[in-house]
2 protein chains.
Amino acid sequence: MAETRATDDLEALLTESKRASRTLGVAPAQQRHTAILAIAEAIEQAAGAILAANADDLERGRANGLAQGMLDRLLLDRARIAGLADAARALAELPDPVGEVLRRRTLPNGLDLTEVRVPFGVIGVIYEARPNVTVDLACIALGSGNAVVLRGGSAAERTNAVLVDAMQRAIETAGLPRASVQTIDRFGRDGAGRLMTARGLVDLLVPRGSAALIERVVTESTVPVIETGAGVVHAFVDRAAQLPMALEILLNAKTQRTSVCNSLETVLVHREVAETAVPAIATAMREAGVTVHADAALPGVEGAEPLGAAGWSTEHLSMDVAIGVVDDLDAAIEHVNRYGTHHTDTIVTDDADAAGRFLAEVDSAVVMHNASTRFTDGGEFGFGAEVGISTQKAHARGPMGLPELTSTKWIVRGSGQVRA
Amino acid sequence: MAETRATDDLEALLTESKRASRTLGVAPAQQRHTAILAIAEAIEQAAGAILAANADDLERGRANGLAQGMLDRLLLDRARIAGLADAARALAELPDPVGEVLRRRTLPNGLDLTEVRVPFGVIGVIYEARPNVTVDLACIALGSGNAVVLRGGSAAERTNAVLVDAMQRAIETAGLPRASVQTIDRFGRDGAGRLMTARGLVDLLVPRGSAALIERVVTESTVPVIETGAGVVHAFVDRAAQLPMALEILLNAKTQRTSVCNSLETVLVHREVAETAVPAIATAMREAGVTVHADAALPGVEGAEPLGAAGWSTEHLSMDVAIGVVDDLDAAIEHVNRYGTHHTDTIVTDDADAAGRFLAEVDSAVVMHNASTRFTDGGEFGFGAEVGISTQKAHARGPMGLPELTSTKWIVRGSGQVRA
């Protein structure tokens with residue numbers, strides 16, 4: 001049924017979003033914050049209906065043989081709903097990025113130039129089976145003055161429908177348009193493709209999900225995209241590393257949480273210290289329950305598994321780590337730039353020069369010295385809200401908060417100036 | 001012949017650019033500025049060879065029936081070469097954007113976070129028959145620490161080959177890699193398409209040229225693109241406008257130079273003052289040699305031509321202007337947002353509230369009050385260099401100078417911190 005709706009309906013829906021974005025673009029921060037607080041309240045009050053819809057989605061997911069990881073992401077419970085409401089309330093406390101003056105100059109002819117932050121307008125979000133994204137992104141969009149169009153996928157369709165309905169009613173109580181937050185789930189698979197090519201109606205597209213989803217969006221989209229990418233994250237244990245510090249960072253980066261993009265996938269060890277460091281690392285990893293992978297014999301390590309399907313570019317997102325020995329700092333930098341995903345990479349060393357070169361020459365969104373890669377996170381960076389981690393270089397790179405969901409505009413004030 | 005080269009060769013060339021970009025990324029500003037100055041020198045010294053190659057291109061262009069406007073853009077003479085060299089020298093005086101600290105914070109756990117500007121890496125430029133872009137963009141890329149891959153089109157192929165050869169030799173004298181600046185013109189039409197999909201090798205693509213070219217790049221590219229777009233530029237003469245100021249601004253915006261994206265295309269007049277203002281504007285335009293277009297009878301104006309082929313969205317780039325009457329400020333804003341290209345739009349008024357609403361609600365890269373739209377220009381804005389005018393909202397909006405050709409990177413310095 002849903003699939004047969006005319007695309008004209010989708011265009012009409014996006015046009016409504018565009019209209020709503022114009023209202024949001026000039027709405028005072030206080031009004032947008034009031035809407036976010038109303039959403040927090042509404043989500044909590046609608047918990048019963050949300051959980052019932054979620055149970056339906058979960059049952060359908062199980063019947064359709066959805067993987068356990070997917071079912072986990074799909075699941076909402078009272079604690080998670082409370083968490084969503086809390087996150088929304090915290091967001092309403094953040095400073096408003098809209099209107100912030102970035103540059104200002106007065107030209108010799110008296111023209112006054114001001115570059116200010118403005119909302120993008122309409123932000124499209126394409127994601128999979130994660131109802132928390134529905135609420136998070138709706139609130140982040142409001143917090144940055146944008147309208148949002150959500151395409152959450154069929155697996156979470158009922159949960160998302162209830163969530164969006166509750167949020168729309170909350171937004172209306174704050175005097176803002178319902179269409180500030182809309183879902184296009186009912187347009188089925190066609191909806192995602194249309195969102196990707198809706199130039200002029202959608203100003204920015206944010207894919208959240210699997211590498212395959214992101215690849216599809218980047219390839220097919222004619223609307224500007226922020227790539228929130230996979231993390232083939234490296235740690236380089238330099239010859240001048242303190243081994244105990246290295247072990248602590250490696251274990252934290254690998255095991256503190258494995259399913260996230262900032263978790264460690266590959267350890268590179270400087271050849272000069274490999275004989276001591278590699279067995280120590282492998283043993284510590286195994287004791288922590290991590291399976292060690294390698295592409296060649298590792299000094300002092302027996303029974304390493306082969307590398308994953310994508311070789312050194314494998315993103316395990318599990319209790320697996322690849323360990324390799326590199327000849328020197330140059331080889332380490334070369335390896336990271338070649339096989340990594342330009343997300344987060346760290347060097348452990350007491351050599352300031354080696355650290356300086358690694359930080360300068362590794363071409364990643366976040367480069368670290370003597371720190372766990374798990375710190376690449378909007379919350380840890382103090383952004384308050386996180387849209388995702390951008391692994392592209394245009395517009396935003398690394399953790400994205402509210403300012404990253406804004407564009408800019410030059411305002412020129414004159415008194416009749418013309419060009420000579 | 002050129003068309004049959006294996007695509008592997010192109011991949012090898014882009015890989016060289018990538019390698020060069022790593023060197024440029026850590027090269028001090030002084031060395032890059034030395035290379036730019038060497039380019040200025042080399043271009044002047046190679047003037048004879050450049051003019052000979054350009055004469056060949058022009059002859060071939062005439063034989064192939066190239067339009068006069070295209071031939072004009074293709075033409076180099078001694079004065080234009082001197083202008084290119086002067087622009088390069090001016091560029092070498094600009095502050096270096098690389099390494100600029102944008103944000104810095106220390107987390108409670110002692111982690112030190114710094115966001116710095118870094119070069120993109122490899123910038124692709126696709127343009128048509130404008131050899132000045134070859135030199136400008138090569139120098140701008142060096143000034144922002146980027147390698148550049150140029151696809152200048154077959155019409156200017158010989159000129160560009162001589163220019164690139166001269167620039168590469170100059171860059172080498174500064175101790176930087178030849179591959180800092182490369183052309184892929186010899187790969188023919190296939191080269192442009194390959195550049196658009198060279199993810200991982202090309203970090204940013206800048207199309208410079210016709211609306212059709214830009215449309216193709218935006219549609220086909222999987223590499224991030226900065227859209228330097230067309231300008232359907234508006235002036236709104238409000239009911240509270242001073243008519244003499246309005247006339248001066250309108251004439252300047254329309255006639256000071258017509259072939260550029262910031263020139264005026266549409267005048268909107270508030271209905272309350274239309275009876276006086278419209279005939280005054282039409283008469284002044286006609287006296288200046290401008291043809292007046294309209295979609296309905298204009299008060300006090302006879303013989304207006306119909307609108308252009310694209311109606312209110314026509315970009316004439318010629319001595320033609322469309323004039324329309326709108327009911328009020330809301331209608332003016334609605335018209336500009338609907339038919340414009342989000343480039344530059346100006347309001348002429350003495351009403352501060354009306355100006356405030358126009359500046360806030362018109363969704364364009366540059367919005368102006370009582371000023372000529374011709375000021376939207378990197379040079380006028382004091383940027384020293386101009387890559388183009390971005391009409392998209394992601395990454396850069398409005399005139400783009402050196403900082404707009406940089407990305408950012410978070411540098412995290414720790415002392416063994418792990419995440420709890």
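No experiment lies behind these values; they were computed from the predicted model shown. A, B, ... follow the sequence lines: proteins, then strands. Residue 1 opens every chain.
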With chain A as the partner, which of [options] has the greatest number of non-hydrogen pairs under 4.5 Å?
options	result
G121(B), P224(B), A360(B)	A360(B)
M245(B), Q242(B), H342(B)	M245(B)
V348(B), V367(B), I333(B)	V367(B)
R257(B), K18(B), Q256(B)	Q256(B)

Task: NE2-CG distance between H369(A) and D350(A), expressed to the nearest 0.5 angstrom - done: 6.5 Å
- [ ] Only one of I389(A), L405(A), T228(A) passes side chain to side chain contact (heavy atoms under 4.5 Å, CB included) with M400(A); say which it is.
- [x] T228(A)
Open item on the list: Which residues pass the ring-ring contact (aromatic ring centres under 6.0 Å, His included) test with H335(B), not counting sequence neighbours?
Closed with: H234(B), W312(B), Y339(B)
- [ ] Name all residues meeting the ring-ring contact (aromatic ring centres under 6.0 Å, His included) criterion together with H395(A); count only those two or more places apart in sequence or in a different chain, and write none if there are none.
- [x] F120(A)
Need one label for [X]: side chain, backbone, both or neither, based on atoms under 4.5 Å from any heavy atom in chain B.
X	result
N252(A)	side chain
S415(A)	backbone
S364(A)	backbone
D377(A)	side chain
V223(A)	neither
R22(A)	side chain
A420(A)	backbone
V362(A)	backbone

- [ ] Compare all side-chain heavy atoms of I226(B) with those of Q392(B) and state whether any distance is below 4.5 angstrom.
- [x] yes
Open item on the list: With heavy-atom distances below 4.5 Å as the criterion, would you say the side chains of V412(A) and F381(B) are in contact?
Closed with: yes
- [ ] Among the options V116(A), I347(A), V218(A), pick out the one with the most heavy-atom pairs lying under 4.5 Å from chain B.
- [x] V218(A)
- [ ] Just give me the residue among R397(A), K393(A), E380(A) that pairs up with chain B most often, heavy atom to heavy atom, under 4.5 Å.
- [x] K393(A)
Task: T349(B) and D238(B): side chain donor to acceptor below 3.5 Å - done: yes
Task: Polar side chain donor-acceptor pair, N146(B) to S144(B), under 3.5 angstrom - done: yes
For the residue pair [X] and [Y], what are the closest heavy atoms and their distance?
X	Y	value
A284(B)	L251(B)	O-CD2, 3.7 Å
A230(A)	T341(A)	O-OG1, 2.9 Å
A394(A)	L204(B)	CB-CD1, 4.3 Å

Is [X] close to chain A through its backbone or its side chain, or both, or neither, when contacts mean heavy atoms under 4.5 Å?
X	result
V225(B)	neither
D345(B)	neither
T219(B)	both
A365(B)	backbone
E404(B)	side chain
V26(B)	side chain
A246(B)	neither

Open item on the list: Per the salt bridge (Lys or Arg N to Asp or Glu O under 4.0 Å) rule, what does the pair list look like for residues 215-229 of chain B, sequence neighbours excluded?
Closed with: R199(A)-E215(B), R199(A)-E227(B), R216(B)-E220(B)
Task: Contact residues of residues 100-115 of chain B (partner chain A; heavy-atom separation under 4.5 angstrom) - done: R103(B), R105(B), L107(B), N109(B), L111(B), L113(B)
Open item on the list: Taking D363(B) first and then K409(A), would you say they form a salt bridge - that is, a charged N and a carboxylate O separated by under 4.0 Å?
Closed with: no
Task: Under-4.0 Å salt bridge between E361(A) and R357(A) - done: yes
Open item on the list: For F383(B) and W410(A), take the angle between the two ring planes, folded into 0 to 90°, and tell me which bin it lands in: parallel under 30, tilted 30 to 60, perpendicular over 60.
Closed with: tilted
Open item on the list: Counting neighbours of CD on E248(A) that are heavy atoms of other residues, nucleotides or ligands and sit closer than 6.0 Å, is the number greater than 12?
Closed with: no
